[in-house]
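In listed order, ligands and their atoms are each counted from 1. Computed over heavy atoms, backbone and side chain alike; hydrogens, waters and symmetry mates excluded.
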Amino acid sequence: MVRKIRVLVAKPGLDGHDRGALIIAQALRDHGMEVIYTGLRQSPAQIAQAAVQEDVDVIGLSSLSGAHRTLFPKVLEELKHRDAIDIPVIGGGVIPSEDIPYLIDQGIRKIFTSGSSTEVLADYIQELIDPKTKPIEKPKKIAHIGIAVENIDNSLSFYTDALGLELEAVEQVETEGVKVAFINLGESRLELLEPLNDTSPIRRFLDKKGEGIHHIALEVDDIKTRLEQLIKQGVKVINEKPKPGANNSQIAFIHPKAASGVLFEICQHEKSDN
Ligand code: ZN
C-alpha cells in the first residue's frame, strides 16, 4: 500500500485562534493526506519533537500573532537539533508580504498568503514530497504587452522613431477583430492592437478606457496543462480552452479579477525550426 503523505499542522506562539489551521487540516485530509494537528500554543521545541515522533513528511506552520519572524526560524533550529532539518517546513496565516523573503531566506520552503487556495497548498505539498508529480510550470517570459490603439499608423512612429524599435510585421486576426503590429523588444514584443470592427473586444476596451495597455501575455510551454492547472486552482479564466492567436500561437485569457485588474494572456508559440 502506498503510504499517505503525513503532514504536521502546528501553531507556534500565543494566538488563540485555530479555525484557519483546522480548515487547512481538513482540506489536506480531503486530499488524502494524514494530518496531525498539534493544537494551540505550541513551542518550537514541542513542534519539532512532534514532527520527529510522528515521522511526518512536511510541517505546516500557521501564525496569526505576528511572531512568525522569530518563531518560524526557531522551529527550523529545533529541527536541526534533532537531525530532522530535512523535513520541509512551510508557513501560512497572517504573514505580511515584506516578511516572506526573510522567512524563505531562513529556510522556510514557501509561505502561503491569505489569497492562496487549499487546492494550491495540497498540490504544492504533493509536488514537494512526490517527485513524480508534474510541477507547476512557471511562465518563461513576457511574450508581449498588448497596447490598444485607435490607429496603428498614427501610433507607430513613437515606437519605431522615438524608441527606435523594429516593426516586425502587421497581421490581421479576423477571429479577434483586430489588426496587430508586432514590435520587437529584446526577447519580448510590444503589440499594437487596432480594432477592425465595432464588435472587436479592442473597440469595447477603447470606448471604455481609451488607448493604453490592454493585456500582458506570458509565454508557457504547455498551455493546455497550464490552463487546466489554473482552473483547478480556482483561478477565474475567460477561456477554458486555448484558442488560436496571432503569429501561430495558442492563447487563453485569465480574468482580470484574478490579477488585481490586469488582463493576463497565457500563450504558447509553435517552436520554430529556424
Ligand atoms: Zn496578446
*Asks:* Could you list the residues that satisfy side-chain hydrogen bond (donor to acceptor under 3.5 Å, both in side chains) with Q106, not counting sequence neighbours?
*Replies:*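 side-chain hydrogen bond (donor to acceptor under 3.5 Å, both in side chains) list for Q106, sorted by chain: empty.
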*Asks:* Answer yes or no for K110 and F112: cation-pi contact, defined as NZ/CZ to six-membered ring centre under 6.0 Å and angle to ring axis within 45°.
*Replies:*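 The answer is yes; both the distance and angle limits are met.
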*Asks:* What distance separates S62 OG from H17 NE2, expressed to the nearest 0.5 Å?
*Replies:*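 So the gap between those two atoms works out to 11.5 Å.
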*Asks:* Spell out the protein N/O/S atoms under 2.8 Å from the Zn ion (ligand 1) as residue plus atom name.
*Replies:*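 For the Zn ion (ligand 1), the protein N, O and S atoms that sit under 2.8 Å away are H144 NE2, H215 NE2, E265 OE1.
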*Asks:* Of all the heavy-atom pairs spanning A25 and V35, show the shortest one and how long it is.
*Replies:*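 For A25 versus V35, the nearest heavy atoms are O-CG2, 3.5 Å.
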*Asks:* Cut-off 3.5 Å, no hydrogens considered: what does the side-chain donor-acceptor table look like for residues 208-220, sequence neighbours left out?
*Replies:*
unit_1: E211; atom_1: OE2; unit_2: E150; atom_2: N; d: 2.7
unit_1: H215; atom_1: NE2; unit_2: H144; atom_2: NE2; d: 3.3
unit_1: H215; atom_1: NE2; unit_2: E265; atom_2: OE1; d: 2.9
unit_1: E219; atom_1: OE1; unit_2: H269; atom_2: ND1; d: 2.8
unit_1: E219; atom_1: OE2; unit_2: H269; atom_2: N; d: 3.0
unit_1: E219; atom_1: OE2; unit_2: H269; atom_2: ND1; d: 3.4

*Asks:* The criterion is side-chain hydrogen bond (donor to acceptor under 3.5 Å, both in side chains); which residues satisfy it with E119, sequence neighbours excluded?
*Replies:*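 Partners of E119 by the side-chain hydrogen bond (donor to acceptor under 3.5 Å, both in side chains) criterion, ordered by chain and then number, come out as H31.
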